[in-house]
Every structure is written in structure tokens, then in C-alpha cells.
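Accompanying notes for the structure given below.
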Amino acid sequence: MSRFVAAAAALVLLGCGDDTGPLCQDPDPSITPAETRTLTIGDSSGPWTDGQEVPLVWGGQGGIMITPVLRIEGGATPSDEPLCVLVTLVNETDVEEAAPGLERLRVLDARDGGWESDPLEDFLGFAPSPFIGQQLTIEVTVIDQDSTFEATGSVTVTLAAPT
């Protein structure tokens, strides 16, 4: 649990990057979302399952990362507008040099009765070797801009060499 607290505290140091331009704003922290929805974490081919091997990805600046796609079920129709959300992602692993996660404003697109993100760049570190074969638990909370709902999910994957 102390690793989780340390990771959450480190998120404050990373700040809240705005990947949305002027379209979105942070949810109002004084409002508790009234509804909870299902969130899945995966990639373009579907949700990841516990224990699944997920390949590391080289970033454009030489870092190593994974690139999860988030999907929130329910509520969206094909004509719905994009959804502005605050994404908080926490990485839990025994690899000491692992980055703690991210907190970002994102725009999710309405798809198949839900909303889906583009791949997130979840930076882990600068070298793949300490991560290969290790487990990583990804815990995600998403709150919509109007604070009407939140969605949470987690998955534990095994990290594989970059492809």
C-alpha cells in the first residue's frame, strides 16, 4: 500500500498535462460523481486480461512505455459528441525505476455504445531490461468533465520485450 501512496503522491509532481486544447477543463473536485461505469484497459484489439503479455513500446524521445486504450461502457450513441475526461493512471510494480503513472485531460470518442481513448503514452522508464518479464498493475480512474460519472478499472499484465 505504501508503494501506491508514493505513486499517487508522485503524480502531483508530474502535473496534469492537457492533451485536449481548449475543448476540456478539469472536473469540479467538489462534485462527487453520482454514477459509476465500467472501464476496460486494453489495446485496439480488445481488453487486456490479467497475466496477458503486453509488449513495451519505444517512445519518440527514447523512453519505454506501454500504450493502453481505455474504453467506458454505456451511454454513448453514434451521434454523441466526444467526451472530455480526466484520466488518472497509477502504475504498480516491483521495478523501482518505474514511473508512477500519469494524470491527463483526454477526449474520448463515442464508439459502439461507449467511449474510447486513443492509445495513452504510459511512460515507464528509459531502458526495457528491468521491465521485461515483470508484472505491472495499471489502475485507472476516469471522471467526466461535468462530474456526472466516474469509471474505474485495473489489470495486471506481464511486460514483454518491445516489438
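Keep in mind that this is a model prediction, so the values were computed, not measured. Side chains are part of it too, since the values below use all heavy atoms of this structure and drop only hydrogens, waters and symmetry mates.
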Going through the checks in order, is the side-chain contact (heavy atoms from CB on, under 4.5 Å) test met by Leu120 and Val87? CA-CA 10 Å; Leu120 302 174; Val87 174; 4.2 Å; yes
I'd like to know whether Leu39 forms a side-chain contact (heavy atoms from CB on, under 4.5 Å) with Trp115, so could you lay out the CA-CA distance, the side-chain angles of the two residues, the decisive distance to 0.1 Å, and finally the verdict. CA-CA 10 Å; Leu39 172 80; Trp115 288 276; over 6 Å; no
Verdict with reasoning, Leu124 to Asn91, per side-chain contact (heavy atoms from CB on, under 4.5 Å): CA-CA 8 Å; Leu124 296 174; Asn91 294 317; 3.6 Å; yes
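- Between Pro33 and Ile143, the closest heavy-atom pair is CG-CG2, 4.0 Å.
- Considering only heavy atoms from C-beta on, Pro128 comes within 4.5 Å of Trp58 through its side chain.
- When the side chains of ILVMFWY residues are joined at heavy-atom separations under 4.5 Å, either directly or via intervening members, Val54 and Leu102 end up in a single hydrophobic cluster.
- Side-chain atoms of Glu103 and Thr88 include a donor-acceptor pair closer than 3.5 Å.
- Panel note: side chain Gln145, backbone Gln25; a donor-acceptor pair is recorded below 3.5 Å.
- Shortest non-hydrogen contact noted between Ala127 and Ile64 is O-CG2, 3.9 Å.
- Under the 4.5 Å side-chain criterion, counting only non-hydrogen atoms from C-beta, Glu150 is not in contact with Arg37.
- When all heavy atoms of Asp144 and Val85 are compared, the closest pair comes out as CA-CG1, 3.9 Å.
- Remark: Thr158 OG1 to Ile132 CD1 distance equals 12.5 Å, nearest 0.5 Å.
- One hydrophobic cluster, built from ILVMFWY side chains closer than 4.5 Å, cannot hold both Met65 and Val157; they sit in different ones.
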Run the numbers on Gln135 and Glu92 for side-chain contact (heavy atoms from CB on, under 4.5 Å), then give the verdict. CA-CA 9 Å; Gln135 288 194 326; Glu92 288 197 45; over 6 Å; no
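- Remark: Glu116 CD is packed, more than 12 non-hydrogen atoms of other residues, nucleotides or ligands lying under 6.0 Å away.
- Each of Val155 and Phe123 belongs to its own hydrophobic cluster when Ile, Leu, Val, Met, Phe, Trp and Tyr are linked at side-chain heavy-atom distances under 4.5 angstrom.
- In this structure, the separation between CD on Glu121 and CD on Gln61 is 9.0 Å, given to the nearest 0.5 Å.
- One distance of note links CD1 of Ile66 with CG of Leu159; it measures 6.5 Å at 0.5 Å rounding.
- Here CZ of Arg104 is found 13.5 Å from OG of Ser117. Values are rounded to the nearest 0.5 Å.
- Pairing each heavy atom of Val107 with each of Cys24, the nearest pair is CG2-SG, 3.8 Å.
- Of the possible polar contacts, none joining the Arg106 side chain to the Val142 backbone as a donor-acceptor pair under 3.5 Å is found.
- Between Leu83 atom CG and Ile72 atom CD1 the span is 6.0 Å, to the nearest 0.5 Å.
- When all heavy atoms of Pro47 and Thr40 are compared, the pair lying nearest together is CB-CB, 4.2 Å.
- Inter-residue side-chain proximity for Pro68 and Asp122 is flagged as met; some heavy-atom pair is nearer than 4.5 Å.
- Using modelled atom types, no side-chain atom of Asp146 and backbone atom of Thr148 make a donor-acceptor pair closer than 3.5 Å.
- With 3.5 Å as the limit, one finds a donor-acceptor pair spanning the side chains of Asp43 and Trp48.
- Expressed to the nearest 0.5 Å, how far OG1 of Thr93 lies from CG of Leu136 amounts to 5.5 Å.
- In terms of hydrophobic clustering, with Ile, Leu, Val, Met, Phe, Trp and Tyr side chains grouped at heavy-atom distances under 4.5 Å, Val95 and Leu89 are assigned to a common cluster.
- Scanning all heavy atoms of the two residues, the minimum distance from Ile41 to Ile138 falls at CD1-O, 3.8 Å.
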